[in-house]
Amino acid sequence: MEERSRRIVETAIDLAEKGGFEAVRLRDVAAHAEVALGTLYRRFRSKEELLVAALEFEVENLEKRFCARPPSGASEMERVMGFFDLVVRGLLRRQNLARALLKAVSSGDPELTQKMAAYHARIERMLAMSLRDEVPRDGNGKLADPNPSLREAQSAETLNQVWYALLMGWAGGVHGQAPMLEKMRASAELILRGSSQGP
């Protein structure tokens, strides 16, 4: 991301952290980032698109933490829950920001579909690595494609779908963080037990 776009995204993150979704007004973002409103609109056509870019920024940070300290544990279950603990510490520690990001991604904007698919793919890639207890890196030290088996890919996708649904429930006030993690643990046990038994 070029420097001006990064400054705009970081400003949106600061505003969302302080005041949630409603605080991210494009005019205010432009003023705080010290860019013209037209400059902002050339890069981000809506608040939702800007916040999805902020989500991408947060996932990049998550990948760096994951790469530096992958979840450890003797079992798939321990490593998978270690990954979700990492996500909670990274994203949900700033609750206003997390809720703003989740509101943006649930907007239903068809033009954001591809970006959301890329976000889910990145989460599933880290889950596949957690299942395998292997973190492949490319020549630049960044996460590489783990080439998951069919079982790993399906398990990672299902775990991510459950996690995303639980995040939406958390954002809507259905449950708190601790119950969310308890529900994720129970779901992960069922998913991993079922996938290990085969068809």
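Worth knowing before you read on, the calculation uses all heavy atoms, side chains too, and leaves out hydrogens, waters and symmetry mates. Along the sequence shown, the residues carry numbers beginning at 1.
- A heavy-atom distance below 4.5 Å is found between the side chains of Met168 and Ser106.
- For Arg132 and Glu76, the salt-bridge test fails: no basic side-chain N is under 4.0 Å from an acidic carboxylate O.
- Scanning all heavy atoms of the two residues, the minimum distance from Leu40 to Ala30 falls at CD1-N, 3.7 Å.
- Within the 4.5 Å cutoff, side-chain heavy atoms of Leu62 are placed close to those of Ile123.
- Val174 and Trp170 fall into different hydrophobic clusters, where Ile, Leu, Val, Met, Phe, Trp and Tyr residues are linked whenever their side-chain heavy atoms come under 4.5 Å apart, directly or through other members.
- Taking all atoms of both residues into account, the shortest heavy-atom contact from Asp138 to Ala144 is N-CB, 3.8 Å.
- Here the side chains of Lys183 and Val162 are not in contact, with every heavy-atom distance at 4.5 Å or above.
- Salt bridge Arg122/Glu63: present, at least one basic N to carboxylate O contact under 4.0 Å.
- The existence of a salt bridge linking Glu111 and Arg45 is confirmed by a sub-4.0 Å separation between a basic side-chain nitrogen and an acidic carboxylate oxygen.
- Tracing side-chain contacts under 4.5 Å through hydrophobic residues (I, L, V, M, F, W, Y), one reaches Leu15 starting from Tyr41; they form part of the same cluster.
- Considering only heavy atoms from C-beta on, Val105 stays 4.5 Å or farther from Lys115 through its side chain.
- Counting heavy atoms from C-beta outward, Met116 and Leu55 have side chains that approach closer than 4.5 Å.
- The local environment of CZ in Arg27 is sparse, with at most 12 non-hydrogen atoms from other residues, nucleotides or ligands closer than 6.0 Å.
- When only modelled atom types and interatomic distance are considered, Glu124 and Asn160 share a side-chain donor-acceptor pair under 3.5 Å.
- For the residue pair Ser5 and Glu2, a side-chain donor N or O sits within less than 3.5 Å of a side-chain acceptor on the partner.
- Under the 4.5 Å side-chain criterion, counting only non-hydrogen atoms from C-beta, Leu159 is in contact with Met184.
- Thr39 contributes no side-chain N or O that, together with a main-chain N or O of Val35, makes up a donor-acceptor pair within less than 3.5 Å.
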When you look at Glu22 and Lys103, which way does the salt bridge (Lys or Arg N to Asp or Glu O under 4.0 Å) test go after all the steps?
CA-CA 10 Å; Glu22 301 306 324; Lys103 187 167 184 177; 3.4 Å; yes
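- Pro71 approaches Arg79 most closely through the heavy-atom pair CB-O, 3.3 Å.
- Heavy atoms of other residues, nucleotides or ligands lying less than 6.0 angstrom from NE2 of His120 number more than 12.
- Counting heavy atoms from C-beta outward, Arg94 and Glu58 have side chains that approach closer than 4.5 Å.
- The 12-atom threshold is not exceeded at CZ of Arg69, counting heavy atoms of other residues, nucleotides or ligands nearer than 6.0 Å.
- For Lys64 and Glu60, the salt-bridge test fails: no basic side-chain N is under 4.0 Å from an acidic carboxylate O.
- For CD of Glu134, the number of neighbouring non-hydrogen atoms (other residues, nucleotides, ligands) closer than 6.0 Å is greater than 12.
- Linking Ile, Leu, Val, Met, Phe, Trp and Tyr residues whenever their side-chain heavy atoms come within less than 4.5 Å leaves Leu166 and Leu190 in two separate clusters.
- The two residues Ala100 and Ala16 make their nearest non-hydrogen contact at CB-CB, 3.9 Å.
- By the neighbour-count criterion of 12 heavy atoms within 6.0 Å, atom CD of Glu34 is sparsely surrounded, having that number or fewer from other residues, nucleotides or ligands.
- Listed here is the closest heavy atom pair of Met126 and Leu143: CG-CD1, 3.9 Å.
- Inter-residue side-chain proximity for Leu192 and Leu131 is flagged as met; some heavy-atom pair is nearer than 4.5 Å.
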